[in-house]
K.L.:
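Mind having a look at this structure? Questions to follow.
Sequence lines set the chain letters: A, B, ... in the order given, protein chains first and strands last, and positions in each chain run from 1.
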Amino acid sequence: MSKSNLITPRTLKGFRDFLPELMIPREHLMETARRVYRSYGFSPIDTPALEHLEILKGKGSEETDKQLYEFEDKKGRPVGMRFDLTVPLARFVAQHASELGMPFKRYHIATVWRGENTQRGRYREFMQCDFDTIGTKSVAADIETALVIHDLMHAIGITKFKIHINNRQVLNGLLERLDLLEQSTAILRALDKLGKVDADKVAAEMVAVAGATEAQARDVLSLAALQGEPSSVLAGLAPLVAGSQRGEAGVERLHELLTGIKAAGVSDARIHLDVAIARGLDYYTGVIFETFLEDLPGIGSVCSGGRYDNLAELYTKAELPGIGASLGLDRLLAALEELNLVEKVRTPAPVLIAYFDSARFEDYLRLAARVRSTGVGVEVYPEAIKLGQQLKYADRRGFRLALIAGDREFASNTCQIKDLASGASSEASLASNADELVERILAILAENAD
RNA sequence: GUGGCUGUAGCUCAGUUGGUUAGAGCGUCGGAUUGUGGUUCCGAAUGUCGGGGGUUCGAGUCCCCUCAGCCACCCCA
């Protein structure tokens, strides 16, 4: 093929390739999420990437419609690619409720697609790690959701994070009192900007866009002025919603939530009662969560969710309340990368066997099989090139150990173990199924395990 | 979807008011007397100057379009 005929290798805007050094930590994150979810009894499920368009469009706002990848399949059926995992979950639960039994707890780690403009940490194809509890309105599920988020961040190794918590009922209760319920979407949208934009501008937007009066805007903002310990914010909240049944219920619910979280041993420092967060998705009806990294707040929330008490109503008459949250794996990874918390390991196996003596290839294969049988990853170098080059390869790829055996070693039925970090090497016997060698490898790996 | 900024070797960049064969550092690869890497020394390769079109005697340098990245709005993981 002539050069001019070559097709330029490239990927679509917002779609990315993952090289090993990025994919290894990515898989690691997924495994961590899986482990934490399972530890709370959530079960894995999967659903199709493609859904009937009506399923995806049913609950969406104009905004999600705009971002939806939709087209006709080969038979002319209107279809769309899922843009989150919550809508597919609603369909899934409505379809299988009788088989699942309630309450139903599931996690779902999968790719979603949104055709919006890209930015750092924002892609058109990205992975979400959702966990949800369906079929109970109990505050126990709210508490558990917060605990999972907390444990998840810990398990990932993030120490400086804050879970922002709010409750839609509180907001709506206040709006009800102020007679602003009609314009709640516009008000909340403006309110959500607090922190990015100063209060005067937010107030101005409430007046201009949402049609509130100056006094109403100030009252809404007085809510957001509440700062400090969760308990004191809570105390300040009560008088603001007094008289609104909805608002009072919301405050009470927040109180129960915070009490439960505290009882489970979560530090107050990790929790921020943030009455300004509203979240864009309109399906939330109760508690709302957003999680921010203290060292990188600008990247946005890395784990968000909340309670939605009627998500499945479009697909079934059964009442299926739910609560859950979603870890934005790719956004989090972008953040970890920026904070230099991603370890640069390019090989998943810790041991390299040098292909040293071309006549001994079968011995190397045998040795590799023996070490693998203990659960340790082993790679045999594929070519009998100079030893120095093989060690260089091992060093760059981040192997911990190299096993070297040539005539000398085989003559004495031993094998050299070289620690690539220190450069030290020692010999171990290959006698009786290489037990000594295996033991030594396991000991060394146990020493510098994470 | 709207607006702004950016685009030169794998990476980070330099490239004078448009002027002859486009540079550096890092990285990569090879070598420094036959079984030991990460340091050092020597050497080598690599660019259709993101892509397309235009202005010009002549464009990496100017203009238009397009693609991609970054930022803001919007929204969100």
K.L.:
Rounded to the Å, how far apart are A:Leu22 CG and B:rC11 P?
P.N.:
15 Å
K.L.:
Just compare B:rU36, B:rC75, B:rG38 and give me whichever is closest to any side-chain atom of A:Gln416.
P.N.:
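The closest nucleotide is B:rU36.
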K.L.:
Can you confirm whether or not the ring centre of A:Tyr355 sits under 6.0 Å from the ring centre of A:Phe361?
P.N.:
yes
K.L.:
Counting only Watson-Crick or G-U wobble pairs whose two distances fall under 3.5 Å, which nucleotide matches B:rG30?
P.N.:
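Its partner is B:rC42.
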K.L.:
Give me the distance, rounded to whole Å, that separates B:rU28 from B:rG47 when you measure between the C1' atoms they each carry.
P.N.:
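Going atom to atom, C1' in each nucleotide, I get 15 Å.
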K.L.:
Using a strict cut-off of less than 4.0 Å between a Lys/Arg side-chain nitrogen and an Asp/Glu carboxylate oxygen, indicate whether A:Glu116 and A:Arg122 qualify as a salt bridge.
P.N.:
yes
K.L.:
Measure from the side chain of A:Lys13, starting at C-beta and using heavy atoms only, and say which of B:rA68, B:rA72, B:rG38 lies closest.
P.N.:
B:rA68
K.L.:
Does the distance from a Lys or Arg side-chain N to an Asp or Glu carboxylate O, for A:Asp142 and A:Arg307, drop under 4.0 Å?
P.N.:
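Yes, this pair counts.
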K.L.:
With a 3.5 angstrom cut-off on both distances, give the Watson-Crick or G-U wobble partner of B:rG60, or none if there isn't one.
P.N.:
none
K.L.:
Roughly how far apart, to the nearest Å, are B:rA45 and B:rC57 at atom C1'?
P.N.:
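Between the two C1' atoms, the distance is 35 Å.
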K.L.:
Could you tell me whether A:Phe289 and A:His164 have their ring centroids closer than 6.0 angstrom?
P.N.:
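No; A:His164 has its ring centre 6.0 Å or more from that of A:Phe289.
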K.L.:
For nucleotides B:rG7 and B:rC42, find the distance between their P atoms and express it as a whole number of Å.
P.N.:
34 Å
K.L.:
Look at all strands and tell whether A:Lys386 reaches a base, only sugar-phosphate, or nothing, counting heavy atoms closer than 4.0 Å.
P.N.:
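Sugar-phosphate only.
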K.L.:
Ring-plane angle category for A:Tyr107 and A:Tyr37, please: parallel below 30°, perpendicular beyond 60°, tilted otherwise.
P.N.:
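Geometry flag for A:Tyr37 against A:Tyr107: tilted rings.
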K.L.:
Heavy atoms under 4.0 Å, any strand shown: does A:Gly14 hit a base, just sugar-phosphate, or nothing?
P.N.:
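Touches sugar-phosphate only.
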K.L.:
Let's see if you can work this out: which of B:rC74, B:rG37, B:rG35 has an atom nearest to the side-chain heavy atoms of A:Glu409?
P.N.:
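Nearest nucleotide to the side chain: B:rG35.
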K.L.:
Taking atom C1' in both B:rU8 and B:rA59, compute the distance separating them and give it to the nearest angstrom.
P.N.:
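Going atom to atom, C1' in each nucleotide, I get 14 Å.
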K.L.:
Does B:rG47 have a Watson-Crick or wobble mate here (both distances under 3.5 Å), and if so which one?
P.N.:
none
K.L.:
Please determine, for B:rU12, whether a Watson-Crick or G-U wobble partner exists with both distances under 3.5 Å, and give it or none.
P.N.:
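Pairing partner: B:rA24.
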K.L.:
For A:Asp407 and B:rU34, give me the distance from atom CG to atom C1', rounded to whole Å.
P.N.:
14 Å
K.L.:
Heavy atoms only, 4.0 Å cut-off, all strands: where does A:Gln389 land among base, sugar-phosphate and nothing?
P.N.:
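Counting heavy atoms under 4.0 Å across all strands, the contact made by A:Gln389 is with sugar-phosphate only.
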K.L.:
Provide, to the nearest angstrom, the distance between the NZ atom belonging to A:Lys392 and the P atom belonging to B:rA32.
P.N.:
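Spelled out: NZ on A:Lys392 to P on B:rA32 is 12 Å.
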K.L.:
As a test of reading the structure: which of B:rG37, B:rG1, B:rC75 is closest to the side chain of A:Asn117, going by heavy atoms?
P.N.:
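Between B:rG37, B:rG1, B:rC75, the one nearest the side chain of A:Asn117 would be B:rG1.
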K.L.:
Quick one: A:Phe15 CZ to B:rC67 C1', roughly how many Å, whole number?
P.N.:
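Value for this atom pair: 15 Å.
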K.L.:
Is there a residue in residues 32-40 of chain A whose heavy atoms reach under 4.0 Å of RNA chain B, and which residues are they?
P.N.:
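When residues 32-40 of chain A is checked for heavy atoms under 4.0 Å from RNA chain B, there are no hits whatsoever.
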K.L.:
I'd like to know whether the aromatic ring centres of A:Phe161 and A:Phe292 sit less than 6.0 Å apart in this structure.
P.N.:
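A:Phe161 vs A:Phe292: aromatic centres not under 6.0 Å.
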K.L.:
In plain terms, say whether A:Asp363 and A:Arg366 are close enough for a salt bridge, that is, a side-chain N and a carboxylate O under 4.0 Å apart.
P.N.:
yes
K.L.:
Taking the same atom, C1', in B:rC49 and in B:rG60, what whole-Å distance lies between them?
P.N.:
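Taking atom C1' in both B:rC49 and B:rG60, they lie 5 Å apart.
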K.L.:
From CG of A:Leu401 over to C1' of B:rG38, roughly how many Å is that when rounded to an integer?
P.N.:
16 Å
K.L.:
Given B:rG35, B:rG37, B:rC71, identify the nucleotide with an atom nearest to the side chain of A:Gln119.
P.N.:
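The answer is B:rC71, which lies nearest to the side chain.
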K.L.:
In whole Å, what is the span from the CZ atom of A:Arg124 to the P atom of B:rC75?
P.N.:
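It is 18 Å, rounded to the nearest whole Å.
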K.L.:
Would you indicate what A:Leu329 reaches in the nucleic acid, counting non-hydrogen atoms under 4.0 angstrom: base, sugar-phosphate, or nothing?
P.N.:
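A:Leu329: no heavy atom of the nucleic acid under 4.0 Å.
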K.L.:
Between atom OH in A:Tyr381 and atom P in B:rU36, what is the gap in whole Å?
P.N.:
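Whole-Å distance recorded here is 17 Å.
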K.L.:
Classify A:Phe356 by what it touches in the nucleic acid, base, sugar-phosphate, or nothing, heavy-atom distance under 4.0 Å.
P.N.:
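Since a base atom lies under 4.0 Å of A:Phe356, the category is base.
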K.L.:
Pairing donors with acceptors under 3.5 angstrom, does anything connect the side chains of A:Arg124 and A:Thr118?
P.N.:
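Side chains of A:Arg124 and A:Thr118: no pair found under 3.5 Å.
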K.L.:
What distance, rounded to whole Å, do you find between the two P atoms, one in B:rC62 and one in B:rG15?
P.N.:
13 Å
K.L.:
Could you state the CZ-P distance from A:Phe410 to B:rG35, rounded to the nearest angstrom?
P.N.:
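Value for this atom pair: 17 Å.
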K.L.:
Given that both distances must come in under 3.5 Å, which nucleotide forms a Watson-Crick or G-U wobble pair with B:rA68?
P.N.:
B:rU6
K.L.:
Assign each of A:Tyr123 and A:Arg16 to its nearest nucleotide of RNA chain B by heavy atoms, then name whichever residue's nucleotide is nearer the 5' end.
P.N.:
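Closest to the 5' end, via its nearest nucleotide, is A:Arg16.
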K.L.:
Please work out if A:Glu125 contacts a base, only the sugar-phosphate, or nothing of the nucleic acid, heavy-atom cut-off 4.0 Å.
P.N.:
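Nothing, no nucleic acid heavy atom in range.
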K.L.:
Using heavy-atom distances to pick each residue's nearest nucleotide on RNA chain B, tell me which of A:Arg331 and A:Arg120 is more 5'.
P.N.:
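Looking at RNA chain B, the more 5' nearest nucleotide goes with A:Arg120.
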K.L.:
Under a plain distance cut-off of 3.5 Å, with no hydrogens placed, do A:Glu379 and A:Tyr393 share a side-chain donor-acceptor pair?
P.N.:
yes
K.L.:
B:rG30 and B:rG23: how far apart are their C1' atoms, nearest whole angstrom?
P.N.:
23 Å
K.L.:
Among side-chain atoms of A:Ser426 and A:Arg440, is any donor-acceptor pair under 3.5 angstrom?
P.N.:
yes
K.L.:
Look at the side chain of A:Arg396 and decide which nucleotide, out of B:rC71, B:rC76, B:rC29, has an atom nearest to it.
P.N.:
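Of all the options, the side chain of A:Arg396 is nearest to B:rC29.
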K.L.:
May I ask you to say whether A:Asp46 pairs ionically with A:Arg106, meaning some side-chain N is under 4.0 Å from a carboxylate O?
P.N.:
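Not counted as a salt bridge, because no side-chain N and carboxylate O are separated by less than 4.0 Å.
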K.L.:
Which is true for A:Asp330 with a 4.0 Å heavy-atom rule: it touches a base, it touches only sugar-phosphate, or it touches nothing?
P.N.:
nothing
K.L.:
So A:Asp357, base contact, sugar-phosphate only, or nothing? Heavy-atom distance under 4.0 Å.
P.N.:
nothing
K.L.:
Taking the same atom, C1', in B:rC74 and in B:rG3, what whole-Å distance lies between them?
P.N.:
12 Å
K.L.:
Determine the contact category for A:Gly388: base if any of its heavy atoms lies under 4.0 Å from a base atom, sugar-phosphate if only primed atoms, P, OP1 or OP2 are that close, otherwise nothing.
P.N.:
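Sugar-phosphate, backbone atoms only, no base.
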K.L.:
To the side chain of A:Asp395, which of B:rG35, B:rU36, B:rG38 is closest?
P.N.:
B:rG38
K.L.:
For B:rC73, which nucleotide is its Watson-Crick or G-U wobble mate, given both distances must be under 3.5 Å?
P.N.:
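Here B:rC73 is engaged in a pair, and the nucleotide opposite it is B:rG1.
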